[in-house]
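What you see is a predicted model, and the numbers here were worked out from it, not measured in a lab. Order of appearance sets the numbers: ligands from 1, and atoms from 1 within every ligand.
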Amino acid sequence: MYHLPPMSYGYGELSKYISKDIMELHHSKHHQTYVDKLNKALDDAPALKERPLETLLADIDSLPTTVQTAIRNHGGGHYNHSLFWQWMSPDGGGQPTGDVAAQITEKYGNFQAFVDEFTSKSLGVFGSGWVWLQPNMDIITTANQDTSMMQGLPAPLLGLDVWEHAYYLDYKNKRDDYIAAWWNVVNWDFVAERHKAS
Ligand code: MN
């Protein structure tokens with residue numbers, strides 16, 4: 001049985017960049033719905049309940065067809081959002097340090113060039129999806145609630161939700177303004193933790 005994970009900061013604490021209304025709706029309604037529908041799908045395939053979610057997502061194509069789409073969408077949604085709340089922080093923003101900074105600079109030349117490339121890929125997602133920074137510093141995108149594991153890749157270091165539900169209340173159709181604001185809340189400490197563990 002999966003549960004909505006509590007957030008480590010209040011819904012209003014990012015409000016300079018992402019409003020309390022969006023955070024509350026996104027966490028308590030959208031994410032809760034992914035959790036509820038994932039649990040419902042697993043009730044129809046109880047053997048899968050024993051397996052960690054990450055392995056279900058990595059093996060998505062081999063799951064029973066009766067629950068495959070539900071686990072892809074709602075399992076992916078639960079997995080992605082559980083990380084997304086941690087990738088933001090009221091103390092976030094600025095630039096990474098240490099190994100993450102060094103590898104970004106090595107791959108992209110400088111931090112701003114990386115931000116520009118990540119932003120460009122985010123704007124290029126047609127419809128709903130996510131943008132990911134991978135452990136090898138590649139920037140990739142996925143559609144809907146797909147994860148990098150569904151492409152046979154490792155779990156991401158950082159991810160950005162570019163579904164309209166993530167920004168429409170604040171930014172309407174201006175995804176570029178949302179992305180520009182989001183950099184101010186990125187939790188680089190969590191990215192560094194994930195990088196160390198990867
Ligand atoms: Mn979302």
Side chains of Gln145 and Tyr34, donor plus acceptor under 3.5 Å: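 Distance-only check passes for Gln145 and Tyr34.
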Donor on one side chain, acceptor on other, His31 and Trp85, under 3.5 Å: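 Per modelled atom types, His31 and Trp85 side chains form a pair under 3.5 Å.
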Whether Trp183 and Phe118 hold their rings parallel, tilted or perpendicular, with breakpoints at 30° and 60°: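 The rings of Trp183 and Phe118 stand perpendicular, inter-plane angle above 60°.
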Show me the donor-acceptor pairs, under 3.5 Å and distance only, between side chains in residues 52-62 and residues at least two apart or in other chains.
unit_1 : atom_1 : unit_2 : atom_2 : d
Thr55  : OG1    : Pro52  : O      : 2.9
Asp59  : OD2    : Arg51  : NH2    : 2.8
Ser62  : OG     : Asp59  : O      : 2.8

Ion pair Asp43/Lys49, N-O distance below 4.0 Å: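 Result for this pair is yes, salt bridge flagged.
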Protein N/O/S atoms closer than 2.8 Å to the Mn ion (ligand 1):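 The answer, once waters are left aside, is His26 NE2, His81 NE2, Asp161 OD2, His165 NE2.
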pair Pro154-Gln134: side-chain heavy atoms closer than 4.5 Å: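 Yes, their side chains come closer than 4.5 Å.
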